[in-house]
Structures are given as C-alpha cells and as structure tokens.
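See below for the structure under consideration.
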Amino acid sequence: MKLFTSVHDVPSIKQFVNDALALKANPYAHQGLGKNKTLGLVFMNPSLRTRLSTQKAALNLGMNVMVMNLDKEGWALETQDGVVMNGSTVEHIREAAAVMGQYCDILGLRSFPKLNNREEDYNEDFFTKFVKYCAIPVVSLESATRHPLQSFADIITIHETWDSLKVGANVKPKVVLAWAPHVKALPQAVPNSFAEWMCKAQAEGMIDFTVAQPEGYELSENFTPGAEITYNLEEALAGADYVYVKNWSSYKEYGKVLTYPDGWMMNNEKLKITNNAKVMHCLPVRRDLELSSEILDGPNSLVIHEAGNRLWSAQAVLKAMLEEL
Amino acid sequence: MKLFTSVHDVPSIKQFVNDALALKANPYAHQGLGKNKTLGLVFMNPSLRTRLSTQKAALNLGMNVMVMNLDKEGWALETQDGVVMNGSTVEHIREAAAVMGQYCDILGLRSFPKLNNREEDYNEDFFTKFVKYCAIPVVSLESATRHPLQSFADIITIHETWDSLKVGANVKPKVVLAWAPHVKALPQAVPNSFAEWMCKAQAEGMIDFTVAQPEGYELSENFTPGAEITYNLEEALAGADYVYVKNWSSYKEYGKVLTYPDGWMMNNEKLKITNNAKVMHCLPVRRDLELSSEILDGPNSLVIHEAGNRLWSAQAVLKAMLEEL
Amino acid sequence: MKLFTSVHDVPSIKQFVNDALALKANPYAHQGLGKNKTLGLVFMNPSLRTRLSTQKAALNLGMNVMVMNLDKEGWALETQDGVVMNGSTVEHIREAAAVMGQYCDILGLRSFPKLNNREEDYNEDFFTKFVKYCAIPVVSLESATRHPLQSFADIITIHETWDSLKVGANVKPKVVLAWAPHVKALPQAVPNSFAEWMCKAQAEGMIDFTVAQPEGYELSENFTPGAEITYNLEEALAGADYVYVKNWSSYKEYGKVLTYPDGWMMNNEKLKITNNAKVMHCLPVRRDLELSSEILDGPNSLVIHEAGNRLWSAQAVLKAMLEEL
C-alpha cells in the first residue's frame, strides 16, 4: 500500500478487517518490519485519538515516530503556485512536504476543511499537493472530506461485535448513520468516510446500510452509492443493529448549520425502536446534545471500544505500507 | 503499585528510597520490564523537570512514551456530569480519559488547582475522575494539592546526602520547610506534599520535621501530622540540617497572597543560624526573592542534585507499576 | 567533540564531510553508540528541518530524543545575574540549563537573535550561558549569529555534487553567497555561518568563495576571512558553479531592512551568467521573492537535496560527541 486516503485504497474490506484483528490478537509480531523506519505525523489541526493511536500503532511495529504540530510549532504554508511570496506565508507546500519526505519513510497528515468554499475543500487541494510533493507513502489522519482510519476502526468494531454475537454468517447487521445536533459547523469528513466504507462493506455483503438526516443535510451522493437514504429517523432506526451517531454541517448549503426538526438526539427512548442496537460515535461527543449520557454510560455504547480499535486500523495500514517500502 | 498520588500509596518510605537509589546505581537493569509498554504523559499545565525526568525514567525502563500537552494540543474538557454540552467544552473527561486508557499502559497526569475555590481544588475532582475513567494505573505529575514525585525526590536527596555524611544511623537530620516570598499566588501542592512525606519519614524515624510560615500561611493540618509548626523562622532554622525553601499562597484565605513580615527570604545570614544546612527548592526558583543567589550558587545548595533525583523517583514509581501490570 | 557551535569546532572540514558521507552510505552502523543516551532538543524558536533531521539523526544512532519547545511549553527565562526575580521571568537560565543537563547526555539548542542590539546578539549571551550551566555537550541548532548544522550540510552537498561531476580533484568550484530580497528582517546567522564554513573550506583548498550583497548589507568581517566581497551580483555570478541564495538584514545598521537596487532576486536569466550553477538555499524560501519558482522547480535547484543532507550533518556531529562521552 502506497497511499491510504479512502476506502478506494483497500482491495477488500473483509480481508483488511481480518488483518487488523490478527494484529489485535498479536500486536508485537511484526516489530522487525518497522526497524529503522520513521513515521512522521503532521498535524495542521488538533488531534487526540488519532495521534495517540497512530503513534502507538507505529511503536507496536517497531517504527520511530516524529510528531509535527505544524499549526502550533511551524508556520503558515503557501499552497498556490505562481504567487510572489511577499505576504504572511513563510514556506511553500512544495518545499515543506518535500523536506519532510527526506526525513521520514511514511507520513501521516491531518488537514481539516475550511468550510467556506465547497469546491476548494472537496478538491482536497492541500492534501493532494502534500502527497505529490512529499514523494513518500502517506496515511490520511483526516482530510477535508474523509477520515478513513476512523471508518476502518468502525467497520472493525462492527465486524468484531457482530461476530461475537454468533448470529451466523448469513445474517447481516443493519447499520444506520444518524445525523445528530451540534452547536458548531462540523466537517462532513467522518460521515462521508463512514458512508463510503459502509457502502463498500454492503457491496461485499457484510452489512445493510441506511443514512438518516434532516432535509438539507444530505451528504454528497459520491459517498453513498447503494445506501438507503431517509429523512425519517424512526424509520431508519426500526430494526437497526448499529446506530452511528454523528453531526455534520450541510453539504448543499455548504458549511452551514441549518434549522432542523426536534428529535434528532439519540437517546434510550429511540433505542427502543431498534433491535437493541449498539451505538457508535467517533468522538469527541457532546453529551446530551448529540447523544444522551444514559446511552454513553450504558451497555449499548461501543464508543470506547471503537476508539480502542483506532489502534488496530492504524497498525494494519502501517503494516501494509511497511511491507511495500 | 496501581496508583501513585500521595505518600499514602507508599508502604515504606525507607524501602522506596532504597529502591530508587538502586535504580540510580544501575539505571538500565530493568529494560525488559517496560518492553512494549507505553507511558502516556498528560499535561493540563506546563512542565519542564517533570516531563523530562519522567520521560527519561520511562526510557530507562524500556518503555515507550507519548506526551500530550492537552492545554495546548487538545481542547477544553467537561468534568461535570448532567451538563448539556452545548458550550465551550468539546469532550467530557469520561470519554477523554477512557480513550487515553485504551492506548497506554500507565498514564501520568498533571493538573494544577485554579485557586478560586478551596473545596473544589481539595476535592481533587479532575484528578479523581481522570483516574476513575481511564481505568489504568496513574502517576501524579502534580495535582491540585500534591506533587508526590517531587517529594519522593526530596526524601531521596536528604537520605542520600545525610548518609554520605556518615553520621551514623541513630542521628536524625532536622528538616525545616520554610515559607518564602513570591510575587504570584502559588498552589500549596509542593509544600503539602513535602510535609506529608516528611511527616511519614518522621514516623519511620528517619528525620525530625518542622514547618515555619508567617501567620495566615498555615498549611492544612491534614498534611502535617506530627510536625512542629512555628511562626518563627529563626527558631525553626536553629540547628537545622536541611532547609526546604518554598512559597505558597494562603490555605486559610484560600489562594490569596497575604502581607507578611520582612525577613522570610532565605540567605547566607540566616544560614548561619543552622547547622550548616543544605538548602533545597523544587524549582523553578525566583532568585533573590525566595532564595538568595549566594546560596543557590554556593556549596550548601542541593537544588540541582535534587532536580536530578526526580529521575530516580519517577523510575522507582514506574518500575513498581510495571511489576504489577 | 564536546561542543558544536561553529566551524571552529571542526579540525578538518574535508574529514568531517567524509565522515558524514560514510554515515549517509551506512546510516545504522553505529546504533550501539547511542544506546541509553538521550538527546534533549531545546527550542526557544520554531523549527521544522532542524528538529526533524536532528531527531532522525539521533534515532539512527540508537539514541533517545526528548524535544522541549521552551517558547511554547515552557516559560520565560531570566538570563541576567544579580536581578531580583520579581517580574515576568519564571526561572533563571542557571537552573533551567543545569536541570536539563541532569536528564540528557547531549543537548541541542536553538535561540534566535532579537535583532535589536547588535552587541547583545553577537555576544551570544544566551547560548554561552546555556552551554556553561548545562555542563554537558551542546550542539547548536542555530544561535543568534550562526547555524553550523546548516552550513555543514551545505558543504556536504557541494562536495557530494561536485565530486559526482568527476571534474578532477584539482578543479575547485566557485561558490557564491548571493544576498536576496525579503519582506522581513532576518538574522545573519545562516549567511555568517555559511561564509565562515566556506572560508575555511577555501583555506583547505576545497573551493573558491565570493560574497555578493548590496551596499549596507556587508556581513561582519569576522565571518569572511579570505572571501572575495563584491557589490556586483553579475560579476560574482560569472563562472559560478554554486549560488547560495539568502536574505539577511543589515549588520551595519543592525537588524534593519535597507533599500537596495533592483535585480537581486535569483532567476533563470541570471543563471545564464553562471557556469550552469547549482542553486542552494537553506529554506524556508519565499518563492519569486528571493528565488524564482522556475529555478526551484528546475534541474539546477539543490534545495531539497541540501535539506536532506541536514540529516547527515547532524548525525556526524552527534556521532563525534557520542564517541567522547
């Protein structure tokens, strides 16, 4: 694997999930693979889960890790070509990325969208240029439009918990992505990415997938091929085995927080409609705004388990990259 | 050892000091113990000595270390339950701590008091919740009311230097904690903790302990059982073998800087009253405000030696935790 | 090697360059040397190339690395003696440096000039005191007046590329340091240091060295012994084999950005005057202000290669220090 920025970089989800679970069962079996290899983690935006889990994953594989909080430790990067750099940008992404490529074997990169200009964000301009100019393998630690390490951990969690229920290979869980309220305008990266992975998992016959959101909050259709889409949360929740709760800002009225009907916060009342569904969230979660405390502190929550699986998704990706270095 | 937040977690100071000195004599003897174990260091407040010494201690034991400056790299945590999180806090401590517990084997945590509300600070609410929700062993890197790694380093330093004087096991040093002036309102964590360790060391027959402070600056009695308490610095210094100089804000008029009589800065003039006492300070020290430069640059100062021993106190604690993982 | 702050710490450039190229050919051959040795990297100012390359160099040698961004993670240090510390400085450099010396085997230190007071900056007061009080070997990661790891990487790059042209040992390249425009007042550290290394390389018979700058931008003569100095860029570029492009503020009118004639930006037009010169820059570079994009993206640019060699300059220095620990 040379690049991990979306589910399109993964030939088979089933196989990749099994690889991750094999690492979870035996975390230190491949420490020779990473010897004298260096992972650089570059953050243009803050990170907690992603940094720690990816760092730990690399250590498990015997790699060295260098962390670079470019937003705080570095300086403003220029991304446009043909600009006379007499303003506030100190270094061009061409040089900055190329230099980091000199000192590392694999780079992880996080860069959030600005949520001002849809075309600019969905172009993934910053990310694409960084990948091009650093000239070494890159793992997305969340880009403007996707968060694939999170989505990979999510499908690992679903597969793992469903399997442990021993319901048989021919019964597929119903997975629902349910929009939830928030006070800030959040990116679509996590829901886009989750949808994309679930649609592929559905195509591989692993799950059935539904997305529920209020009007105006529809995701780009590029990320939901084959998904059932509904504006009716109750309808979506009926018979659900997994409910993935997440806020996002509007794609249509780009980056806006639109008004929405009451009743989109997930709570125990709504859980009754489901098939005693497990509840997931990528975290950080706003308690009692997106998701009720009663769920988070109760037996149906998978959020910590899911965060724990971030380690194995990262380790599976890094292992696949190390094998091709 | 599962928790290290105060001297109450230490069965025998004498034994623990000997463990630390054995590590100092042979720092790399236990590198197998930490193999594939990860220490997470979480700072809600800045750190120099604590971060470097604990990081180095972990490396000596073969551990991996991940540092998280949550105050700068992270986001605001909610600590109250039952709050609808529609304000400025981004993540609840329940999730944040639990997630960190997923990626680490041991966590170190630093969290200062706010000095506004005594009950809140002395409850150690943040610290206690973090310990509870992370669900793995925790080392205090200084909490609202205690700094046990510092105090442990302090007693190591006293034991080590007293022993080298070969005065015989039956002569006990007189140790004095002496309040000193400062321009800011500082926590009581260091003096509380020092007093608590010295009182236990006194109970174990290792030292005699006196605290001297101006009126209004008395520490909580919970931290000074068995100590001699005085408002008269000269009286305290008479015959002292060790003087531990430190400022703290008022416990009674909580967090306040009260007026105080002249003459509380430690200097060579005052040193003459002592038994040629060694002078200690946890650092950072305000020169010529808390403690005179002539002492800091002279032969009686132990401050650098003492800071060096932070390494061995941390290593002894981590070793004790690794042995029970 | 106990100290690396300038070319004066290097007995023979030729030998040191060969040491670095041997490491480049065989990066992991000396991992036993750094076992259980700790490098502390202390930054008073931001860093990208320097931190990553030095960290990687230390890892290649088997060392542990602890990074300390004192400007962001720490607090204000007092450097003057005899000051009552009742102001905003929290710790004296005497204690701060001494404490770091307790936890590390080698320290790297970056500290920029303030560009207000020439004597103060050129005294290297902060740096000299840090070296004195930490009491362990120190590598400069750029000081007020020099950036020796950069200059060492520069001469490695020149030697390496010239050698690969196989022009014969008796033909020496003409190296030109060419001032370039900028919008900010930059330190003289990089050009001072480059000049100093090139003058010594010239004395060792490796190169011929010329400096070109507008009037008012002359470097201190202490850094340019034996160099050809000119105000005429075209004259300097005639027959040049290497052009090192760099802005700096005035040394004479200290720290000022003076007016200068047009035509000091390096571009393809000017490259025609040269002997198809290779173009160098320490980075970060302001595109189309200091140096044209056409050069940076064309075959004559060495800037990324040069940045890559920062790794080997750092590794050669650390290796030389480890050998004398």
Side-chain angles (χ1 to χ4, degrees), chain A residues 32 34-44 46 55 58-59 62-108 129-130 132-136, chain C residues 27-29 31 41 43 45-65 67-69 71-73 153 181-184 186 247 265 281-294 296-297 301 303-312 314-315:
Chain A
K35 188 169 161 58
N36 291 325
K37 302 299 181 200
T38 300
L39 174 67
L41 297 179
V42 180
F43 293 96
M44 308 303 294
Q55 193 169 353
L59 294 169
M63 299 185 82
N64 297 317
V65 182
M66 303 197 294
V67 177
M68 197 73 205
N69 293 314
L70 262 193
D71 54 338
K72 297 190 183 65
E73 299 174 294
W75 38 66
L77 297 186
E78 180 61 56
T79 57
Q80 298 307 306
D81 286 329
V83 174
V84 176
M85 286 175 59
N86 56 6
S88 61
T89 55
V90 172
E91 183 155 28
H92 200 281
I93 192 172
R94 284 174 178 253
E95 276 78 47
V99 166
M100 291 189 228
Q102 295 283 311
Y103 307 136
C104 300
D105 299 285
I106 298 174
L107 279 167
K129 284 182 173 160
F130 196 95
K132 177 176 173 187
Y133 297 123
C134 77
I136 63 171
Chain C
Y28 312 116
Q31 294 201 324
L41 296 179
F43 293 95
N45 302 89
S47 166
L48 172 62
R49 270 155 287 277
T50 298
R51 202 256 281 173
L52 295 181
S53 59
T54 311
Q55 193 169 352
K56 172 71 171 149
L59 294 169
N60 283 355
L61 290 164
M63 300 185 80
N64 297 316
V65 182
V67 178
M68 197 71 205
N69 293 314
D71 53 340
K72 298 191 182 64
E73 299 174 293
H182 204 284
V183 285
K184 288 178 61 183
L186 299 190
N247 171 269
M265 184 181 84
H281 190 287
C282 63
L283 305 180
V285 62
R286 299 270 185 145
R287 285 179 163 243
D288 296 312
L289 178 65
E290 295 178 81
L291 188 46
S292 69
S293 290
E294 58 192 8
L296 283 164
D297 299 332
S301 171
V303 301
I304 302 305
H305 181 157
E306 184 186 354
N309 278 336
R310 294 290 307 275
L311 176 45
W312 315 112
Q315 195 167 334

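The basis for the numbers below is simple: all heavy atoms, side chains too, and nothing from hydrogens, waters or symmetry mates. Lettering follows sequence order; numbering is per chain, from 1. All values derive from a computational prediction rather than experimental measurement.
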Would you mind checking which part of [X] comes under 4.5 Å of any heavy atom in chain A, side chain (CB onward), backbone (N, CA, C, O), both or neither?
X	result
C/E290	neither
C/S47	backbone
C/S293	neither
C/D297	side chain

For each of [options], tally heavy-atom pairs with chain A at distances under 4.5 Å, and name the one with the top tally.
options	value
C/Q31, C/H182, C/R287, C/R49	C/R287
C/L296, C/N60, C/L52	C/L52
C/V285, C/N309, C/L311	C/V285

Does any N or O in the side chain of [X] come within less than 3.5 Å of the main-chain N or O of [Y], such that one atom is a donor and the other an acceptor?
X	Y	answer
C/Q315	C/A58	no
A/Y103	C/A57	no
C/R286	A/T89	yes
A/R94	A/K129	no
C/E306	C/H281	yes

- Please report the shortest heavy-atom distance between C/I304 and C/L283, naming the atom on each side.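 Closest approach of C/I304 to C/L283, heavy atoms only: CD1-CD1, 4.4 Å.
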- Task: Mind checking the CE-SG spacing from A/M68 to A/C104? Nearest 0.5 Å is all I need.
- Result: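 Nearest 0.5 Å value for the CE-SG distance: 10.0 Å.
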- Select, from A/V83, A/N86, A/T38, A/L70, the one with the greatest count of heavy-atom pairs under 4.5 Å involving chain C.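 Of the candidates given, the most pairs with chain C belong to A/N86.
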- Query: Among A/H92, A/M85, A/E78, A/Q102, who wins on heavy-atom pairs under 4.5 Å with chain C?
  - Reply: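 The candidate making the most pairs under 4.5 Å is A/M85.
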- What part of A/V42 gets closer than 4.5 Å to chain C, counting heavy atoms only: side chain, backbone, both or neither?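 For A/V42, neither part sits under 4.5 Å from chain C.
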